[in-house]
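See below for the structure under consideration.
Here the structure is a predicted model, which means the values were calculated and not measured.
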Amino acid sequence: MKLPVLVLSLLLLSLGLPLQRAEPADVVFKNGNVYTANNKTPKAQAIAVKADKIIFVGTNAAAQKFVGPNTRVVDLKGNTVLPGFTDAHQHLSGVGEREMTLNLEGTTSLDDLLAKVKARVDQAKPGEWVTGRGWIETHWQPPVFPTRWDLDKVSPNNPVILGRADGHGAVANSAALKLANVDKNTPNPFGGEISKDKQSGEPNGMLLDAAQGLVRRRVPPETKEDEERAVVLGAKRDVELGWTQIQDAGGDYGDVDIFKKLYAAGTIKLRIYKAVYGPGPQANRLLNEGTIVGEFGNRLTVRTIKVVSDGALGSRGAALLGPYSDAPDTSGFLTVKAEDLRPMLIDALKKGIQVETHAIGDRANRFILDEYETALKAVPVSERKVAEPRWRVEHAQIVNPADIPRFAKLGIIPSMQPSHAIGDLFFAPSRLGIPRLAGAYAWESFIKSGVMVPGGSDAPVERGEPMIEFYAAVARKDQKGFSAEGWHPEEAVTREQALKMFTIWPAYAAFEDKLRGTIEAGKLADLTILSADIMTIPELEILKTRCVMTVINGGIVHEAT
Ligand SMILES: [Zn+2]
């Protein structure tokens, strides 16, 4: 008598006998130093994958039964395997554009900046715009913003606008200001500031937050081809660094159309969890049309509205509860009006739309917690499309200690970027004063309060490299190992926590914790494979660690040569 396979299997299982053969896998990864981020079985050697899913995690010996005649066996040679890393806050187009325009990352001084601009101006046609991004004056001597007059020296005729790395400020030269009709009589737009020379009252070229738009509007728009190329370049860089998903913190449906086109053509493999800006037409479209979830093999989801509630600390645009310690005449500014926000939050809860809000200063954080709380009270669970809406605060950078427990209480997720701390802590003590640094970049306090803290890079504001973020989270020192008074080393996290910050916690923040984020059978096969064991090596060696392989949906999308 021939028993059907299933019955036979059940019979063997019931007898406690091991199955000799399993359904063959498409790929078996073996000889790995696997960290699963799954508390039940934290370590393993081998992973079997069928189609896009993990079907087995365990020892090399046990994985052997998944090897059939057509199974690809990948020898990981002892390399370290982690659940596919997710960047919980990135600006994908911006990362690509940084590769395409004047990339000013790592500019060491004003002279260095001017030399880079001059080289570009020399190649430009008369009147052609020169745009760039990525400078930051923190380590310059002296650490002051460049001015229009500095830029005029190297570009008297071509209009120039150069974004500060944080995106919340830009410097424009006189030619650009003239084209935009910005002069000493131009009023500050809402949510922005035209920085003025103290003596003459003339604009000095620095434009903060919304004021950048006055000049940026004059820059010829990117072509569709440029926009697509930026996404392709950004996605390529991301998978090479080991990111398997990025959570794209803002943008519009034009981006969504580009992603769809590139996915359909198979040009990009990176997963994108996309937010669109609101309040406004983009948010309204999401509220009206509803979400896009898990299209293109669980690669594309659009279910989130991104709100921006203040500026950044470096440019003193972050909204603080008290004045800046180094500029007592200002306490920053909010960039969204409560009356615009409130109806949108209510609607979002009813329609099951996630909201994430940029909040840097302690006033912005308190403001958005208050607004979220009001909306959550106004719409009881029974009237919500998604009972647990997993709303997020992006950055949650300077939070009054009294507000930290409110996140857990309200179910709000603080989505934070470790590299911001190790860059900002050079100037944060002077902006805020030492006492206000309690509650700044407070990762460990947040985790202890009972929330998950998804980790991100905010690239192109920061470099956007997973190893820099992981290092910053566990070391809380700059890339040379330096820290100073007010850096609060006790807010560094353990390596196990850091692993979760870039894997299962961002998955939770995207409603994907059942789908991905750990290495376990049944989940999507996303893996980040590294040249060294970042769970044990000395801190500074984390920065030298390289991504040797990236796997998305079971497919190898990057392999270092
Ligand atoms: Zn951002």
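- Note on ring orientation: taking the six-membered ring where Trp is involved, the planes of Phe446 and Phe407 are perpendicular (angle over 60°, cut-offs 30° and 60°).
- Checking each of Glu462, His395, Gln247 against His89 for a side-chain contact (heavy atoms from CB on, under 4.5 Å) leaves exactly one that passes, namely His395.
- Sorted by first and then second residue, the pairs that involve residues 288-315 and meet ring-ring contact (aromatic ring centres under 6.0 Å, His included), not counting sequence neighbours, are Tyr263-Phe296.
- Note: His139 and Phe426 meet the aromatic proximity criterion, with ring centroids under 6.0 Å apart.
- When the ring pair (Phe, Tyr, Trp, His ring centres under 6.0 Å) test is applied to Phe259, no partner is found at least two apart in sequence or on another chain.
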**Item:** Worked verdict on Glu105 versus Arg98 for salt bridge (charged side-chain N to carboxylate O under 4.0 Å, His left out)
**Value:** CA-CA 9 Å; Glu105 276 180 292; Arg98 185 172 63 186; 3.3 Å; yes

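- Distance CG/Leu113 to CG/Leu162: 6.0 Å, rounded to 0.5 Å.
- Of the possible polar contacts, none joining the Asp238 side chain to the Trp243 backbone as a donor-acceptor pair under 3.5 Å is found.
- Contact detail for Pro328 and Pro323: the closest heavy-atom pair is O-CB, 3.4 Å.
- Defined by atom type and a distance below 3.5 Å, a donor-acceptor pair is missing between the side-chain atoms of Arg463 and Gln479.
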**Request:** Please assess Arg516 against Thr244 for the test side-chain hydrogen bond (donor to acceptor under 3.5 Å, both in side chains), listing each intermediate value before the final yes or no.
**Result:** CA-CA 11 Å; Arg516 49 191 301 278; Thr244 58; 3.2 Å; yes

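- The shortest distance between side-chain heavy atoms of Arg384 and Pro389 falls below 4.5 Å.
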**Request:** Test Glu491 against Arg476 for salt bridge (charged side-chain N to carboxylate O under 4.0 Å, His left out), laying out the working first.
**Result:** CA-CA 8 Å; Glu491 294 290 355; Arg476 207 175 167 94; 5.5 Å; no

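- The CD atom of Glu228 sits 11.0 Å away from the OG atom of Ser93 when rounded to the nearest 0.5 Å.
- We find the CZ-CG distance between Arg218 and Asn181 to be 5.5 Å, quoted to the nearest 0.5 Å.
- The two residues Gly361 and Leu320 have their closest heavy-atom pair at CA-CD2, 3.9 Å.
- Within 6.0 Å of CZ in Arg229 there are 12 or fewer heavy atoms belonging to other residues, nucleotides or ligands.
- Between the side chain of Asn173 and the backbone N or O of Leu151, no donor-acceptor pair lies under 3.5 Å.
- When only modelled atom types and interatomic distance are considered, Tyr273 and Gln354 share a side-chain donor-acceptor pair under 3.5 Å.
- Between Pro343 and Asp340 the shortest heavy-atom distance is CD-O, 3.8 Å.
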**Message:** Test side chain to side chain contact (heavy atoms under 4.5 Å, CB included) on Thr223 and Asp226; report intermediate values, then the result.
**Reply:** CA-CA 5 Å; Thr223 64; Asp226 290 340; 3.2 Å; yes

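- The heavy-atom pair separating Pro203 from Val182 by the smallest distance is CG-CG1, 4.2 Å.
- Within the 4.5 Å cutoff, no side-chain heavy atoms of Thr503 are placed close to those of Thr518.
- Residues Thr550 and Phe85 fail the side-chain proximity criterion, which asks for heavy atoms closer than 4.5 Å.
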**Item:** Test side chain to side chain contact (heavy atoms under 4.5 Å, CB included) applied to Leu102 and Thr131, step by step
**Value:** CA-CA 6 Å; Leu102 187 54; Thr131 62; over 6 Å; no

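- The side-chain hydrogen bond (donor to acceptor under 3.5 Å, both in side chains) test with Asp458 singles out one residue from His91, Gln417, His358, Gln90, and that residue is His91.
- Side chain of Lys523 to main chain of Asp513: a donor-acceptor pair is present (N/O by atom type, distance under 3.5 Å, no hydrogens or angles).
- Under the 3.5 Å distance criterion, with hydrogens and angles disregarded, a donor-acceptor pair is assigned to the side chains of Ser325 and Arg436.
- Side-chain contact between Phe367 and Glu371: present, with at least one pair of heavy atoms (C-beta onward) separated by less than 4.5 Å.
- The structure places CD of Glu227 at 4.5 Å from CD1 of Ile258, a figure rounded to the nearest 0.5 Å.
- The salt bridge (Lys or Arg N to Asp or Glu O under 4.0 Å) pairs that include a residue from residues 294-319 are Arg316-Asp326, where partners are two or more places apart or lie in different chains.
- In this structure, OG1 on Thr138 lies 11.0 Å from CG on Leu425, to the nearest 0.5 angstrom.
- For the pair Thr107 (side chain) and Leu104 (backbone), a donor-acceptor distance under 3.5 Å is present.
- Side-chain N or O atoms of Arg363 include one that pairs as donor or acceptor with a backbone N or O of Gly332 at under 3.5 Å.
- Separation of atoms CG (Asp166) and CG (Leu313) is listed at 9.0 Å; rounding is to 0.5 Å.
- Side-chain N or O atoms of Asp87 include one that pairs as donor or acceptor with a backbone N or O of Ser457 at under 3.5 Å.
- In this structure the side chain of Tyr253 never reaches within 4.5 angstrom of the side chain of Pro281, judged on heavy atoms.
- Contact of the Glu137 side chain with the Val144 side chain is not registered, since no non-hydrogen atoms from C-beta on lie closer than 4.5 Å.
- Judged purely by atom type and a 3.5 angstrom limit, Thr301 uses its side chain to pair as donor or acceptor with the backbone of Gly294.
- A side-chain donor-acceptor contact under 3.5 Å links Asp255 to the backbone of Asp252.
- Looking at Glu99 and Arg237, a side-chain N of the basic residue comes within less than 4.0 Å of a carboxylate O on the acidic one, giving a salt bridge.
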**Request:** Report the C-alpha distance between Leu208 and Asn188 in whole Å, list the side-chain angles of each, state the deciding distance to 0.1 Å, and finish with yes or no for side chain to side chain contact (heavy atoms under 4.5 Å, CB included).
**Result:** CA-CA 10 Å; Leu208 304 183; Asn188 288 332; over 6 Å; no

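- One side chain, Ser195 or Asn204, offers a donor N or O that lies under 3.5 Å from an acceptor on the other.
- The side-chain heavy atoms of Asn553 and Leu524, taken from C-beta on, include a pair separated by under 4.5 Å.
- When atom types are taken as modelled, the side chain of Thr291 and the backbone of Val293 share no donor-acceptor pair closer than 3.5 angstrom.
- Between Leu179 and Trp129 there is a side-chain heavy-atom pair separated by less than 4.5 Å.
- Closest heavy-atom contact between Ala283 and Gly278: CB-CA, 3.6 Å.
- Residues Asp209 and Ala312 share a closest heavy-atom pair of OD2-N, 4.3 Å.
- Aromatic ring centres of Trp140 and Phe145: separated by at least 6.0 Å.
- Under the 3.5 Å distance criterion, the side-chain polar atoms of Asp362 are left unmatched by any main-chain donor or acceptor of Asn400.
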**Request:** Could you walk me through whether Leu410 and Trp391 pass side chain to side chain contact (heavy atoms under 4.5 Å, CB included), step by step?
**Result:** CA-CA 9 Å; Leu410 295 169; Trp391 283 4; over 6 Å; no

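- Considering Arg406, Arg366, Arg342 in turn, Arg406 is the only one that fulfils the salt bridge (charged side-chain N to carboxylate O under 4.0 Å, His left out) rule with Glu373.
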